[in-house]
Amino acid sequence: MSQAVPPELPPIREVMERHGLSPQKSLGQNFLLDLNLTRRIARAAGSLVGRQVIEIGPGPGGLTRSLLEEGAERVIAIEMDHRCILALEELSAAYPGRLQIVEGDALKTDMRSLVGGRARIIANLPYNVGTPLLVRWLQTEPWPPWYETMTLMFQKEVAQRIVAPPGSRAYGRLGVLAQWRTHARILFDVDRRAFTPPPSVTSSVVELIPRPKPLAPADPKILEKVVAAAFGQRRKMMRAALKPIVRDPVALLEAAHIDPTVRAEQLGVEQFCQLAETLRQQAF
Ligand code: SAM
């Protein structure tokens, strides 16, 4: 299929200067100015032709531009920094009818109601809200969710926690919640020097593809509560770690066929689901 020639647009650095977009740490602003890199991220999300995309934190619009260039039919970009909105409106004018800018806090935005049908979530996430946003997306009801795939940039250490297998040091709440409902993998690392300003650590792009059915049945809120308690005190045996949330942890663990003396990191995702289901069905 022949692609339309992309409109001539100024370099991102020029856009930042013209709109006074000096990066603010409090908003997690580490911008990508290299359009080869933003194109690589956009392409990592698969063909975007005819697709809807939700982007969190478009900032000066480098990744947004690549999403549009790669053929996304509609990009819905949620940005909290008012200073970026004018810059994004210029981009919207260059791609008529394809970029919808939503000014607001992504944590307070009902994304499902913004998309008609299914969408891909693609973002270079602000480091301070990346984890809460991911947990929210993973807890979406009903399942399968309104999004087809997520292609997200995190700090490398967070990316490693998302894909960490049981028994590993990085295994914890994020790994259980992510692997329970999605196939998650790290696609590639991005050097800190690719950002303006450079953050203190390397970043990684992670792909999360929803499983049609979760690994095992569980109520997402109860699972989250159990996993948070279990890893909240990860050095303790499960019978002690669960004390803050259940009256009789030993009875709960035994009813779920789990040795009360194991530690959280020894349990697989299905075992956490078993615990959550047992807790849901009986009072402990
Ligand atoms: N996508 C741009 C890029 O790759 O260059 C900017 C990425 S920067 C890491 C994160 C962006 O998220 C910033 O533009 C920041 O203003 C925005 N942001 C921070 N917190 C937000 C929130 N709660 N809701 C929406 N946007 C937010």
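Just so you know, ligand 1 is whichever comes first in the structure, and atom 1 is the first atom listed for that ligand.
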Can you find an N or O of [X] that's nearer than 3.5 Å to an N or O of ligand 1?
X	result
A106	yes
D81	no
L63	no
D105	yes
Q29	yes
P60	no

List the steps, then state whether side-chain hydrogen bond (donor to acceptor under 3.5 Å, both in side chains) holds for Q24 with D81.
CA-CA 10 Å; Q24 284 187 15; D81 183 353; 5.2 Å; no
Are [X] and [Y] linked, directly or through other ILVMFWY residues, by side chains that come within less than 4.5 angstrom of each other?
X	Y	answer
V135	I245	yes
W146	L107	yes
I54	I209	no
L187	L48	yes

If you take all heavy atoms of [X] and [Y], which pair is closest and at what distance?
X	Y	answer
A42	L67	CB-CD2, 3.9 Å
I222	A276	CG2-O, 3.6 Å
G61	I12	C-CD1, 4.1 Å

Taking [atom] as the reference point, the nearest protein heavy atom with its distance:
atom	value
atom 12 (O) of ligand 1	G57 CA, 3.2 Å
atom 2 (C) of ligand 1	P58 O, 3.3 Å
atom 19 (C) of ligand 1	L27 O, 3.1 Å
atom 26 (N) of ligand 1	M80 N, 3.5 Å
atom 16 (O) of ligand 1	E79 OE2, 2.6 Å
atom 5 (O) of ligand 1	L32 N, 2.7 Å
atom 3 (C) of ligand 1	N124 ND2, 3.5 Å

What atoms of ligand 1 come closer than 4.0 angstrom to any heavy atom of [X]?
X	result
F31	5 (O), 6 (C), 14 (O)
G59	14 (O)
G104	24 (N), 25 (C)
I78	25 (C), 26 (N)

Contact check, E55 vs ligand 1, heavy-atom distance below 4.0 Å:
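It does, in that a heavy atom of E55 comes within the 4.0 Å cut-off of ligand 1.
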Ligand 1 contact by G61, heavy-atom criterion under 4.0 angstrom:
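G61: no contact with ligand 1 (<4.0 Å).
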Surrounding CZ of R18 (heavy atoms of other residues, nucleotides or ligands, distance under 6.0 Å), is the total greater than 12?
yes
Checking the side chain of W180 only, and the main-chain atoms of A216 only, is there a donor and an acceptor separated by less than 3.5 Å?
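Yes, the answer is positive, given that a donor and an acceptor are paired below the 3.5 Å cut-off.
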Of E73, R118, R74, which meets side-chain hydrogen bond (donor to acceptor under 3.5 Å, both in side chains) against Q52?
R74
Applied to residues 220-239, the ring-ring contact (aromatic ring centres under 6.0 Å, His included) test, sequence neighbours excluded, yields Y171-F231, F231-F272
Evaluating non-hydrogen atoms only, which member of C84, G28, P126 is closest to atom 20 (N) of ligand 1?
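Closest candidate by heavy-atom distance is P126.
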